[in-house]
Q: 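One structure, pasted below without further comment.
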Amino acid sequence: IREPLFRCFRRARGIPDSMAKPKPTKVELGNCLVKLYAAEGLPSPLARLEKWDGLKTLSRRPAAPPGCLSLSDLAAACKGDIGHLEGAAIPIIAAGVNLDATSIDNDGAVSCCAVAVALNVDPADKSTQAWVFGHSSGHLDEVKAKIKQICPKVTCGELGSGAQVALGRAADVPPDASSPRLVVITEVDRICRSGDPALVTDVLKKGAATSQVVLFSQEHLGDDLDPGGRRIRDFQARVVGLRNFAQIQDSWELVDFLNRGKVAADLRKLSAIGVRDLKALKVVDPQALHAALGAAVGRAIAGAIEVEERRAMQQGGFTVPPFDMCSGQWEWTPDSVDKWKEKGLDPKYFHTEPDGSTWVFSSASQTALSGGSASHAPAPWDLNPNLTPDGGDYGSE
């Protein structure tokens, strides 16, 4: 009985039986977690693109038009460093695999959009070969400028203009249009929250099954609902499908950590202070964290980190971050390493500076002193981020 009911549930949400979710193959590429769903044509093992010159070695979509930019020419046209998202996404895009990618600050999405266009649009073919949907005109202008930089012979214009690459808002899609070779939807989270996803889905259903679809989102959407009451991730499944499909989650360890600790932190604000992964979160200046997210969230993150460190100690030891006397994770000690060894501290948690000052990793030292069950009251500056060095209060000045 359960199987027919499950099929009815999927159909009610617009997901056909052919898109029943298979188990993905998971690959870690730098700061990104990649999930592959029956993806075809990818190199094995899948590797991160480390530099633009590496484009020359990538596998390419078999159905790519012969007149579009070659991988060698694309490598010569791309300049600068490669970000986390670009390094993971571009090999997948080049192979013609459908993609759903999430980056906490949209960093790299613009260049990925332009690369997808360069690899799918033939300048000699004057028909519309690619759509690029977005939510804000400013973001679409950035994508258009990047396309013109990488492949200047390709024409760009508004939807319905007849340009080789048509750019516009999802709400402006002509109702009688059919999908071209490539469909890129960026700012997916903002499109869904605006109430436009049904328009995009309806148009894509009219297109050919051979279209490559690439999605970029700035938020990990989970079970969030669109204005129509449907889960946004179900919209992603309807658009991209689950055959020849890859999903990328940038900063996935950071997101998982915050979810485990039930901490509601604005990932974009974290990114603005240089925190894009869990390692950076553990060493960031606590005052910068409080200033960006507020004292309550800062304390919640500090508590979650302490819980993780206790769990790590119980499972065989803490991961020791680089020494930083301003991080709040190291504390000065007058005792020698031998005295700390007598208290049960592993010497790897002891640090000596060139000036002779000695320090211990705070969580490990508390665990050693308390017999494996560290517990301590919050520091005064955790309770009051406005506390001045002399005990005053900045807020009262």
Side-chain angles (χ1 to χ4, degrees), residues 24-103 106-125 129-130 132 143 146-154 164-165 181-184 186 210-216 240 243-252 276-277:
T25 301
K26 298 182 180 180
V27 182
E28 294 182 25
L29 297 181
N31 199 35
C32 295
L33 177 65
V34 181
K35 298 179 182 179
L36 304 174
Y37 296 87
E40 304 167 358
L42 289 172
S44 182
L46 181 64
R48 181 181 182 275
L49 183 67
E50 299 290 347
K51 53 184 181 179
W52 291 115
D53 196 55
L55 282 165
K56 302 174 184 177
T57 65
L58 294 182
S59 300
R60 185 153 190 177
R61 180 183 184 184
C68 62
L69 205 62
S70 69
L71 291 172
S72 297
D73 290 341
L74 181 59
C78 295
K79 308 294 181 184
D81 297 330
I82 294 181
H84 293 288
L85 180 65
E86 295 160 312
I90 289 176
I92 295 171
I93 293 171
V97 175
N98 296 325
L99 176 65
D100 173 17
T102 301
S103 175
N106 239 15
D107 183 44
V110 170
S111 59
C112 286
C113 291
V115 167
V117 167
L119 293 175
N120 283 278
V121 176
D122 182 356
D125 182 351
Q129 303 167 61
V132 179
V143 174
K146 194 67 176 179
I147 293 172
K148 298 305 293 183
Q149 175 192 330
I150 293 178
C151 39
K153 295 182 180 179
V154 170
Q164 293 168 319
V165 181
R181 181 182 299 116
L182 171 71
V183 178
V184 177
T186 184
T210 55
S211 295
Q212 182 182 9
V213 182
V214 179
L215 307 182
F216 292 103
V240 177
R243 187 193 64 78
N244 200 29
F245 162 61
Q247 191 173 47
I248 294 177
Q249 293 179 340
D250 186 14
S251 306
W252 68 277
R276 291 185 58 87
D277 54 43

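We count residues from 1, following the sequence as given.
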Q: Measure across Ala95 and Gly41 and return the closest heavy-atom pair with its distance rounded to 0.1 Å.
A: CB-O, 3.8 Å

Q: Would you give me the side-chain donor-acceptor pairs under 3.5 Å for residues 51-58, sequence neighbours excluded?
A:
residue	atom	partner	partner atom	Å
Trp52	NE1	Lys79	O	3.4
Trp52	NE1	Gly80	O	3.0
Asp53	OD1	Lys56	NZ	2.9
Thr57	OG1	Gly54	O	2.8

Q: When rounded to the nearest 0.5 angstrom, what is the spacing between SG in Cys78 and CD in Gln149?
A: 7.5 Å

Q: Looking at residues at least two apart in the chain, or sitting in another chain, which of them share a side chain to side chain contact (heavy atoms under 4.5 Å, CB included) with Asp122?
A: Pro65, Ala124, Asp125, Gln129

Q: Can you find a heavy atom in the side chain of Gln212 that is under 4.5 Å from one in the side chain of Ile93?
A: yes

Q: Side-chain contact test, heavy atoms from C-beta onward, threshold under 4.5 Å: evaluate it for Ile147 versus Val121 and give yes or no.
A: no

Q: Hey, could you give me the CG/CG distance between Leu182 and Leu119, rounded to the nearest 0.5 Å?
A: 9.5 Å

Q: Between the main-chain N or O of Val27 and the side-chain N or O of Lys35, is there a donor-acceptor pair closer than 3.5 Å?
A: no

Q: Return the CZ to CG distance between Phe245 and Leu36, rounded to the nearest 0.5 Å.
A: 10.0 Å

Q: Roughly how far, to the nearest 0.5 Å, is the CZ atom of Arg48 from the CG atom of Asn31?
A: 9.0 Å

Q: Mind checking side chain to side chain contact (heavy atoms under 4.5 Å, CB included) for Glu28 and listing every partner two or more places apart, or none if nothing turns up?
A: Leu33, Trp252

Q: Cut-off 3.5 Å, no hydrogens considered: what does the side-chain donor-acceptor table look like for residues 68-75, sequence neighbours left out?
A:
residue	atom	partner	partner atom	Å
Ser70	OG	Asp73	N	3.1
Ser70	OG	Asp73	OD2	3.2

Q: Has the side chain of Asn98 got a donor or acceptor atom that lies under 3.5 Å from a matching backbone atom of Val213?
A: yes

Q: Rounded to the nearest 0.5 Å, how far apart are CD1 of Ile248 and CG of Asp100?
A: 9.0 Å

Q: Could you tell me whether the side chain of Val184 reaches within less than 4.5 Å of the side chain of Val143, counting heavy atoms only?
A: no

Q: Do Lys146 and Cys112 make a side-chain contact, defined as non-hydrogen atoms from C-beta onward lying under 4.5 Å apart?
A: no

Q: How many angstroms lie between CD in Gln164 and NZ in Lys153, if you round to the nearest 0.5 Å?
A: 11.5 Å

Q: Might you point out which heavy atoms bring Arg276 and Ser103 nearest each other, and give the distance in Å?
A: NH2-OG, 3.8 Å

Q: Taking all atoms of both residues into account, what is the closest heavy-atom pair of Ala246 and Val97, and its distance?
A: N-CG1, 3.9 Å

Q: Distance-only check: which donor-acceptor pairs under 3.5 Å involve side-chain atoms of residues 83-90, not counting sequence neighbours?
A:
residue	atom	partner	partner atom	Å
Glu86	OE1	Gly83	N	2.6
Glu86	OE2	Ser111	OG	2.3

